[in-house]
Asker: 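Take this structure first; my questions come after.
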Number of protein chains: 2
Amino acid sequence: MIIPKGFLFSGINCGLKENKLDLGLIYCEKPVEVVGFFTTNKNVSYSVTVSKNNIKNPIKAVLANSGNANCFSHKEGLKDTEKITAELAKLLKVNQKNILIASTGIIGKKMPKEKLISSFPKLINAIENSPDNFAKSIMTTDTVKKIAYAKINLSEKGHILGFAKGAGMISPNMATMLGFILTDVSLPKQILKKIAYDAIDESFNSITVDGCMSTNDTVFVLSSGRVKTKHAVEIKLFSQKLKEVCLSLATMMVRDGEGATKFIKISIKGAKTKEEASKAGFCIANSNLFKCAIYGANPNWGRIIAAIGHAGIAVKEGIPITMSDLTKKDITIDVDLKRGKFSQTIYTSDLTPEYVKINAEYS
Amino acid sequence: MIIPKGFLFSGINCGLKENKLDLGLIYCEKPVEVVGFFTTNKNVSYSVTVSKNNIKNPIKAVLANSGNANCFSHKEGLKDTEKITAELAKLLKVNQKNILIASTGIIGKKMPKEKLISSFPKLINAIENSPDNFAKSIMTTDTVKKIAYAKINLSEKGHILGFAKGAGMISPNMATMLGFILTDVSLPKQILKKIAYDAIDESFNSITVDGCMSTNDTVFVLSSGRVKTKHAVEIKLFSQKLKEVCLSLATMMVRDGEGATKFIKISIKGAKTKEEASKAGFCIANSNLFKCAIYGANPNWGRIIAAIGHAGIAVKEGIPITMSDLTKKDITIDVDLKRGKFSQTIYTSDLTPEYVKINAEYS
């Protein structure tokens, strides 16, 4: 594994879950610049609200928990969250505005802040070079840890390391997913923001598991700035590697989609605009009937036409729709709308009886 | 059962399906006025296109088939459909513009028009008073016939009789559903249109099974005009009874939703507008996570908050959300958004492993 310079990690159990890591920390040796992307859901976690406020500041640590979404639980929720970050800041000898927080788990359950706060000494004590425990601490229904990384051959060697968690409630504009992308490559913040936006648009914002949008989605991109970029070619190289890392994490999430048996890549071309291509792709990817058909290896392309029309897109008789062998685990669907020259790729999984079982029981 | 004056029925097998009725006819003794409502899907069945053209004319017969959606199958599809209605018109000694047609079944399979055309003599020969065979002929994955009726005590007795088919691909603006509402009550066409629109809005347009919108949805309201309405009170009475019949059919569809084990009534109040109430209701009703939770009798109201926020509606901490006993078959969910004074009720079913199985295999 490749670890960018300037970052350390920790992951422990603080009692939110039984016998599983549930509290994680990314510790920055020196304060770093962060670019953040949040759910567009109108009802959000207190953790999102606090992080949205703090993101503009230099960041010393990112706290993450699983087992509780820290959302819509009680009137003191926001205050409690500020208390949590303040207590961590105190131990790290920084201001609470230099802390970010991200949560995932059940909505509406009061966060037992004492459990977190009393575990901070243990969390800090466990800080180490390896990010393994951190990666484990953010898992919920995930069946695998999601880590991706890349080395970048700049004048000096640069590194990107990313983590993500997410398996259900995954939909456009990020769903119950948390993503943490670390790099030591230095870029002007506005450029980093633009590059990160593009990378996220093509990855985390191009996947859907069940069309449900979470209250907690968060992606942080942290740069320690240790490795300087010298010219535009290097920035382009970084941008490309960042996309690869993000897409790798995003597709891991889809492959680990709750109950999923198939990984489906839907490539739309011939759209009038990029937005139209995306809309068509998502409308297919979120169609329960389509997802069930793929589960059953049933090449029912009529459901694709119906989904496209549902999205408000009229297509001509006989547009090319190509499906790969549906009995395989990896499926590709190619649709040419024959309306224009824009394209987009969306990734999703099938809908299975197992998805229903997982979500009927989860509580 | 109550049969409005002026209508006769038929239902036979013409070979689209094996050993099941698949071709139906509503025969009007004299040409009748019809109001029609169609899917808002941008890719529609040839049957929808033909009926949209003819709906303004006096109607002598409505042809309906199951087993083939007559949609997106080949370049001659529209011409073939016109040939079908022309052949029926010839036998009934009317013009083809006086015929309506509605289809349901698989999308993308060429309609074997010869099977229909060669069966028309048999279909006409089987015309009878009873609507039973007609009701059976429009069934697809439906497990029960859907018939509702009402008597109206006007100066003279008036009658409403409705049929519907639908079990999956059911979503806003009608989904794979066909509805046929017959009445002998006479109303000026513009008033009938308004009353029918309101009735459909509160019934067929307020249900969802799986959020998928069909290419074929059609509701026809036919009036033979035999029973005159005398004054506004009578029109109001008719309007109320029409709503009851439509709602009864719509809820039958939800109860018969593919794989459904629960019937869920979601009442939204406190919305800023009627549209907002409807949007909130549908966003909950179409949330796979919510539907799975109800299947599992899991009172996970966090998924309701997430769905409302996904719809773009911000709500305050602690808004009232009431759920009835989730272990029962009939569930009520009451949500007060606390934003305004508008309300709307949406009906849906749960998402079950059985739904997935049905739609994995259906082809």
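A note on names: the letters A, B, ... follow the listed sequences, proteins ahead of strands, and every chain is numbered from 1.
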Asker: Do you know which of A/Pro353, A/Gly318, A/Pro299 has the most heavy-atom pairs under 4.5 Å to chain B?
Answerer: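 Going by pairs under 4.5 Å, I would pick A/Pro353.
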Asker: Heavy-atom distance under 4.5 Å to chain A: side chain of B/Ile305, backbone, both or neither?
Answerer: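 Both parts, heavy atoms under 4.5 Å.
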Asker: Between B/Arg303 and B/Phe290, is NZ or CZ placed under 6.0 angstrom from the six-membered ring centre and within 45° of the ring axis?
Answerer: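 So B/Arg303 doesn't make the cation-pi contact.
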Asker: With a 4.5 angstrom heavy-atom cut-off, is it the side chain or the backbone of A/Ile319 that approaches chain B, or both, or neither?
Answerer: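 Contact with chain B involves no heavy atom of A/Ile319 at all.
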Asker: Output yes when B/Asp330 and B/Arg255 qualify as a salt bridge under the 4.0 Å nitrogen-oxygen rule, no when they do not.
Answerer: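 Yes, this pair counts.
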Asker: Using a cut-off of under 4.5 Å for heavy-atom pairs, which of B/Val315, B/Val44, B/Ile308, B/Thr352 has the most such pairs with chain A?
Answerer: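 Among the listed options, the one with the most contacts to chain A is B/Val315.
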Asker: With a sphere of 6.0 Å drawn around NZ of A/Lys83, does it hold more than 12 non-hydrogen atoms of other residues, nucleotides or ligands?
Answerer: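 Atom NZ in A/Lys83 is not packed in, count stays at 12 or less.
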Asker: Only pairs at least two apart or in different chains count here, so list each salt bridge (Lys or Arg N to Asp or Glu O under 4.0 Å) that has a residue in residues 314-327 of chain B.
Answerer: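 As it turns out, the salt bridge (Lys or Arg N to Asp or Glu O under 4.0 Å) pairs with a partner in residues 314-327 of chain B, which skip direct neighbours, are B/Asp325-B/Lys328.
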Asker: For chain A, find which of B/Ala297, B/Ala69, B/Ser73, B/Gly296 contributes the most heavy-atom pairs closer than 4.5 angstrom.
Answerer: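 With the most close heavy-atom pairs to chain A, the winner is B/Gly296.
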Asker: For B/Ile294, which atoms come within 4.5 Å of any heavy atom of chain A: side chain, backbone, both, or neither?
Answerer: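 Looking at B/Ile294, nothing touches chain A.
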Asker: Apply side chain to side chain donor-acceptor pair (under 3.5 Å) to A/Asn43 and list each qualifying residue two or more places apart in sequence or on a separate chain.
Answerer: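 None.
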